[in-house]
Structures are given as C-alpha cells and as structure tokens.
Amino acid sequence: MRHRIVSRLLAAVGALLIPFGTAIVLAPGASAAPTAQVGGTLAAAPAWAPWTAYATGARVSYNGVEYECRQSHTSQPGWEPPNVAALWKVAEGGGTDTTAPSVPANLRSTATAATTVTLAWNASTDNVAVTGYEVYRGTTLVTTTNGTGTTYTDTGLTAQTTYTYTVRARDAAGNRSAASNQISATTTGGGGGDTTAPSVPANLRSTATGTTTVTLAWNASTDNVAVTGYEVYRGTTLVTTTNGTGTTYTDTGLTAQTTYTYTVRARDAAGNRSAASNQISATTTGGGGGGGNKLLGYFVQWGVYQRGYHVKNIDTSGSAAKLTHINYAFGNVQGGRCTLGDTYADYDRFYAAGESVDGVADTWDAGALRGNFNQLRKLKAKHPNLKVLFSFGGWTWSGGFGQAAANPAAFAESCHALVEDPRWADVFDGIDIDWEYPNACGLTCDTSGPAAFKNVMSALRTRFGSNYLVTAAITADGTSGGKIDAADYGGAAPYVDWYNVMTYDFFGAWAAQGPTAPHSPLNSYTGQPTAGFDSDTAIQKLKSKGIPASKLLLGIGFYGRGWTGVTQAAPGGSATGPAPGQYEQGIEDYKVLKTRCPSTGTVAGTAYAFCGNQWWSYDTPSTITGKMSYSKNQGLGGSFFWELSGDTTNGELIGAMKNGLG
C-alpha cells in the first residue's frame with residue numbers, strides 16, 4: 001500500500017501535552033500587520049516542522065503549498081499537512097505553486113461501442129508535476145485519474161447517443177488547467193432494426209494450461225452486421241467481455257490442479273448475443289507447495305499511540321509464533337542519510353510490567369534501552385527464529401531518497417551506523433527500503449533516473465554484507481510505462497534478499513466519485529478501472545524483468561478501502577466520497593469491517609461489502625487462502641502484509657496466511 005505515516009491520534013489531538021523544547025507558532029492576530037514583503041514579493045510562510053505547537057489559523061508551507069491550521073495541536077512526524085485534513089487546509093491564496101498545468105491537447109475518441117467511449121489526449125506539462133486529469137461528460141465530472149495516464153474509457157452509456165467531453169489537468173497544489181478542446185462521440189448499435197444474433201462460437205477448446213492459467217480458443221462467429229466481441233464464462237460466471245474479433249483468452253489467478261468449465265457467447269454492436277458455445281473442461285497443472293513460506297508483517301511505530309497496539313500484542317495474539325519476519329516502520333531519510341523518525345516511540349517510551357513482552361518493567365537507568373526497540377529485543381528472545389528489519393521511507397518519508405541516491409555509499413554508511421547503533425545492534429537483522437517511488441511520483445516526484453534504485457541497493461548490500469538481510473518494498477504498477485518500468489528493479493534484484501510487492505491500494509476513494517473497485521484484486525476482471533492494476537499483472541511483469549519468483553513476496557492489506565453515497569452492490573458503482581474511517585476517511589481496519597460491514601461478494605480473488613450506502617473492499621481469511629495458493633503456485637518467496645494492528649486480537653488473518661503458506 002502507499003505506506004502512510006498518517007497520525008492515528010486525531011481524536012486526542014487537543015489533549016496532547018507540549019513536549020519540553022517544542023516550538024510554538026501562533027496565528028496572526030485579527031489586527032496583525034500584513035505578512036512581511038521581501039524584495040517586493042510576499043514572504044513565504046515558515047516551513048512545517050514536527051514537534052511544533054501550532055495555533056488555529058497559523059500558516060505553514062509544505063512542498064510549495066501554503067496551509068492554514070484548522071485546530072490547535074502539537075505536530076508529530078506523520079502529521080504533515082497534506083496527510084491530515086482534520087488539522088490543515090490549503091490556505092486561500094497560499095502556496096508558492098500557483099501555476100496551472102498546460103491545457104491537455106488533442107482530446108479525441110479512439111474507439112466507441114454500444115455503451116462505451118474511449119478517449120485519449122496529449123499529456124499536459126507543469127512547473128512541478130501533473131498528478132492527474134479530470135474527465136467531463138458535458139458538465140459532469142465522471143472521473144479524476146491519478147498519475148500521468150492519458151486515456152480513459154467511459155462506460156455505462158446509451159447506444160446510438162452522442163456525448164461531449166472535455167479534460168482538465170491537475171497538479172499536486174490543486175491548480176487546474178483550462179478545459180481541453182471539446183469533442184463529440186456517438187455510441188454505436190443498440191437498437192433499430194438489427195435483432196439478429198451472431199452465430200454460436202464453434203469448437204471452443206483449451207490450447208494450454210498452467211498452474212494458475214487456462215488458455216482458450218474458439219472459431220469466429222458471423223453476424224449480419226459485425227461481431228464486436230465475445231463473453232467468456234467460467235461455469236456461470238462472466239469472467240471477461242472481449243472487444244474486437246479476437247478468438248483467444250487466457251483465464252488467470254486460478255488454483256493449481258483444479259478443473260474448470262467454460263463457455264463463450266458472441267456479441268454484436270446492437271447488443272444481440274449468441275447462444276452459448278459447446279462447454280469444455282480444463283484442469284490446471286502443478287501446485288503442491290512450490291513456493292516459499294516467508295511470512296512478514298509491518299509493525300508501525302505510531303501504533304503505540306491512539307491505536308494502543310504494542311509489541312506485546314504481537315505475542316499475545318499468537319502472531320509472533322507464526323511470523324518469520326517483522327519490518328519496523330519507519331525510519332526517515334533526510335539529508336542523504338538514514339535517521340530516526342520518532343525517538344520517543346523508538347527507544348524512550350517507558351513500558352510498565354503489564355505492557356512489557358516479558359512482564360518486566362523498563363528502567364530509567366542511564367543507558368537503558370526502552371521503547372519499541374527494547375520490546376522487540378524481548379520478543380526476539382521469546383521467539384529466537386523471528387527476524388526484524390528496520391524499514392526506511394514509506395509514503396511520507398520517501399522525499400529524501402533522491403538526495404541519498406546522489407551518494408549511495410554515504411547513504412549506506414549512515415544506514416549501517418544507525419541500524420547497528422550499539423544501543424540496539426542486536427535488535428535488527430537487516431534493512432528494508434520503502435522508496436515510493438524511484439524515478440516516479442508518490443507524495444513527491446523523484447527524477448534521479450532509472451539506475452538510481454539499483455545503485456542504492458548495491459551500495460547497501462556492499463556495506464551490510466551477506467550476513468544481513470537487504471530488502472525493499474516496491475510498486476505493483478503493472479501498466480505499460482508505469483512505475484515498474486521507471487526503475488531497474490531487475491538490475492537491483494541480485495543485491496536484495498527479496499522484494500515486498502505492494503499489491504494493494506490499486507483503487508480507492510482518492511477517486512471520490514468512484515467507480516467502486518477492489519483495492520487489492522488478485523487478477524484482472526471485467527470493468528476494471530485501470531488495466532494493469534492487479535496483483536498477477538505486477539508479478540508477471542516483475543518476473544519478465546528477470547527477477548526470480550522466489551525473491552517476490554505477495555502483499556496483503558489488513559484493511560479495507562471504501563466509498564459512501566453508493567447505490568450499487570456490485571463493483572463499478574458511482575459514489576459521493578470516501579466512507580468514514582476511524583483514523584482516516586476511506587480506510588478502515590479489517591477487525592472493524594468484518595462486523596461493521598461484512599463481506600457480501602467476491603471479485604478478482606478479493607472480497608467486497610455493500611452496507612447501507614457504503615461500499616468497501618478488503619481481504620478475508622477465505623480470500624487470503626486463495627492468495628496464498630497463488631503465491632505457492634507461482635513459486636513466490638511467501639507473503640507480507642500491512643500492518644499488524646489491523647488484524648483481530650487473535651490474529652485470524654495472519655493465521656490464514658500461515659495456514660496457506662505452510
């Protein structure tokens with residue numbers, strides 16, 4: 001997932017004590033003088049900083065955008081203004097970036113069908129970076145894309161109807177371009193005098209099988225006008241609707257040594273459908289435990305605050321006995337160096353006997369280790385086979401990797417010195433790099449080049465040597481020209497023990513109006529908003545880069561993503577915004593959702609739930625079992641998850657992962 005260091009303390013923010021040495025920033029008074037002018041221009045607001053007391057109305061700058069404080073609080077790492085809307089809003093007239101992107105040029109329709117119109121346009125440019133596009137049907141905003149993609153297919157339309165479209169570009173500061181050229185596109189078919197169905201597809205057959213795939217072929221149908229595509233059914237489930245005259249399809253994400261049945265129907269432009277083809281059966285091959293059994297979970301340092309999740313909970317839930325590895329999240333990356341992100345949680349918080357893993361209270365003796373680090377030391381003593389890695393970066397703290405990549409050897413030296421600090425040298429067994437994203441955009445955009453990631457991982461391996469674990473969490477963007485293609489993950493593979501492939505957060509309520517879609521689909525599915533945003537596509541693409549399957553771990557999210565204002569139970573519905581969450585809108589822990597909004601269906605190997613006007617997607621023990629089968633059948637090294645506090649008190653999701661991996 002986009003590993004957010006977003007505070008989970010909003011409900012208690014007003015009650016925080018101000019630590020000794022905390023800076024205080026007051027709001028300008030009602031009669032305060034205007035902001036000072038420097039050289040004839042308005043002086044920028046001071047940069048946001050952690051451990052600073054901000055009063056309501058105070059202004060700060062962050063990544064070129066000016067923000068105004070909504071409510072008084074003392075900032076902490078992870079409470080950066082873009083991440084905590086309850087505390088900050090973009091200031092009116094604020095921010096140093098007020099330049100809108102250029103207008104998207106050459107908007108055009110590249111394809112139409114009875115119920116769809118496909119659009120494309122030339123990319124816009126921006127003084128910082130374009131972060132997405134708004135697509136309008138007439139005056140209605142139908143989608144807001146994320147990233148640099150310049151195509152979109154509008155679905156659910158009426159046949160033989162003309163629609164008008166425009167597109168606007170957006171940047172990270174919220175600046176929007178003017179509208180593009182307006183175009184009109186008319187859907188095809190759908191009525192009139194054509195009521196003749198295509199002929200039945202003949203000779204449906206299986207031409208190949210794998211451990212998780214079945215490839216089908218059939219003879220082309222004919223039609224009095226034209227065949228426009230085919231519907232492929234697995235049993236009674238429609239698994240895809242093809243477009244065009246192609247007569248092959250590969251069904252993916254299946255279970256090894258399992259028999260499946262298939263039929264195919266032809267379609268024409270008027271929506272007429274043929275009868276079903278002959279039914280065939282095909283059995284997948286292989287299976288039986290070819291993959292590894294690494295089981296890694298993230299422990300987040302900020303979970304000890306409002307979430308109240310401590311290292312001891314890993315043990316009392318039974319999870320520690322099932323895990324092989326823990327990633328401690330996160331250390332920061334600043335000034336080209338590895339640094340600590342929250343020293344209080346890391347090594348200073350006092351644990352009383354009842355909170356401690358071994359039932360022994362911390363001490364205030366000079367030099368005594370406390371906090372999470374000491375609790376992890378005690379957990380490892382109780383579970384000697386458990387390994388712990390220190391993870392650096394994450395969604396919020398990846399902005400420093402570009403500077404680190406300018407001198408990889410110096411960066412690696414700083415990381416080794418921090419991980420092997422004599423106070424906690426026995427706690428960590430290696431380092432994990434969570435760079436979001438090399439040579440691509442996350443919260444910030446990186447332009448260090450495609451070789452930067454490989455150079456950093458090579459330097460880390462050289463400094464840490466073969467006796468330490470060196471790993472990385474990497475993108476699962478399988479789109480053509482997407483984030484996997486932006487960096488040399490294949491070239492870096494020899495230097496890592498494994499990659500944690502973040503096969504979650506493909507879709508979510510950052511697209512506030514939908515369409516609703518599962519955030520962690522195992523495989524592609526009909527109606528998928530973005531082709532290439534699924535786990536299997538990412539895994540296959542990484543394999544094609546020469547990365548051994550045994551060095552890939554499949555990612556699982558212990559949370560759901562959801563929308564509100566939804567009226568459609570199935571995926572693909574419209575929404576009015578993100579569903580409410582305990583700590584952040586649009587996201588909620590599995591342990592909450594399992595009873596608050598139980599699963600009502602499955603799609604693409606994961607679960608979804610429709611309750612009231614909310615629509616959520618998340619993994620359950622059942623869908624995790626299927627994903628672990630996929631991991632084994634693909635020969636992957638195992639699986640990992642984000643993050644421990646989202647599971648139930650008895651660790652039922654971790655239990656499903658362990659049972660599936662063996």
Side-chain angles (χ1 to χ4, degrees), residues 1-4 6 8 146 297-298 300 303 306-307 309 395 476 502-523 525 527-530 533-535 554-628 639-657:
M1 93 186 221
R2 300 191 296 183
H3 290 163
R4 295 178 180 272
V6 177
R8 314 308 192 188
N146 292 305
Y298 277 86
V300 297
Q306 188 179 3
R307 282 181 170 271
Y309 191 92
W395 176 254
M502 294 185 283
T503 47
Y504 37 62
D505 288 345
F506 289 110
F507 306 105
W510 45 86
Q513 282 74 50
T516 58
H519 83 82
S520 185
L522 179 60
N523 46 263
Y525 67 96
Q528 187 172 343
T530 303
F533 273 20
D534 59 87
S535 305
L554 185 72
I556 303 291
F558 280 12
Y559 59 91
R561 289 198 175 274
W563 288 262
T564 191
V566 181
T567 59
Q568 176 176 310
S574 60
T576 59
Q582 185 175 3
Y583 306 110
E584 182 182 351
Q585 286 189 325
I587 187 169
E588 188 58 271
D589 292 345
Y590 166 77
K591 65 176 181 278
V592 174
L593 289 173
K594 65 169 291 190
T595 54
R596 195 184 90 188
C597 193
S599 169
T600 56
T602 58
V603 61
T606 189
Y608 64 85
F610 181 62
C611 51
N613 67 347
Q614 295 182 22
W615 194 97
W616 292 87
S617 75
Y618 53 88
D619 275 310
T620 65
S622 176
T623 63
I624 284 175
T625 297
K627 289 187 173 185
M628 296 306 98
S639 187
F640 78 101
F641 60 88
W642 180 270
E643 44 83 14
L644 279 153
S645 69
D647 204 356
T648 59
T649 55
N650 63 344
E652 66 180 53
L653 296 185
I654 294 174
M657 293 180 73

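- Partner of His519 under the ring pair (Phe, Tyr, Trp, His ring centres under 6.0 Å) criterion, out of Tyr618, Phe506, Tyr559: Tyr559 alone.
- When Leu644, Asp589, Ile654 are each tested for a side-chain contact (heavy atoms from CB on, under 4.5 Å) with Phe558, only one passes: Ile654.
- Residues Asp647 and Tyr309 are not in side-chain contact: their nearest non-hydrogen atoms beyond the backbone lie 4.5 Å or more apart.
- Here the OH-CZ distance, from Tyr583 to Arg307, works out to 5.0 Å after rounding to the nearest 0.5 Å.
- No side-chain donor-acceptor contact under 3.5 Å links Ser639 to the backbone of Gly555.
- Within the 4.5 Å cutoff, no side-chain heavy atoms of Gln614 are placed close to those of Val566.
- Between Thr606 and Leu522, the closest side-chain pair of non-hydrogen atoms is not below 4.5 Å.
- Listed for the Trp615 side chain is a donor-acceptor partner under 3.5 Å among the backbone atoms of Ala569.
- No side-chain donor-acceptor contact under 3.5 Å links Ser617 to the backbone of Tyr608.
- Taking CG of Asp534 as the reference point, atom CG of Asn523 lies at 6.5 Å (rounded to 0.5 Å).
- Across every non-hydrogen atom of Arg561 and Gly508, the tightest pair is CD-CA, 4.2 Å.
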>> If you apply the rule side chain to side chain contact (heavy atoms under 4.5 Å, CB included), what do you find for Thr648 with Leu653, and how did you get there?
In response: CA-CA 8 Å; Thr648 59; Leu653 296 185; over 6 Å; no

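- Counting only distance, with no hydrogens or angles, the side chain of Thr620 and the backbone of Thr623 share a donor-acceptor pair below 3.5 Å.
- A donor-acceptor pair under 3.5 Å is formed between the side chain of Thr600 and the backbone N or O of Phe610.
- The shortest non-hydrogen separation linking Phe640 to Met657 is O-CE, 3.9 Å.
- Using a 4.5 Å cut-off on side-chain heavy atoms (C-beta onward), Pro518 and Tyr525 make contact.
- Ile587 contributes atom CD1, which lies 8.0 Å from atom CH2 of Trp616 (distance to the nearest 0.5 angstrom).
- Side-chain atoms of Asp619 and Tyr590, non-hydrogen and from C-beta on, never get closer than 4.5 Å to each other.
- Ser520 places a side-chain N or O within donor-acceptor distance of the main-chain N or O of Thr503, the cut-off being under 3.5 Å.
- The two atoms that bring Ala609 and Pro598 nearest to each other are CB-O, 3.1 Å, heavy atoms only.
- Ile556 has its side chain within reach of Ile624: a pair of non-hydrogen atoms, C-beta onward, lies under 4.5 Å apart.
- At least one donor-acceptor pair under 3.5 Å links the side chain of Glu643 to the backbone N or O of Ser645.
- Checked by atom type, the side-chain pair Ser535/Lys627 shows no donor-acceptor distance below 3.5 Å.
- Classified by interplanar angle (parallel below 30°, tilted 30° to 60°, perpendicular above 60°), the ring pair Phe507/Phe533 is tilted.
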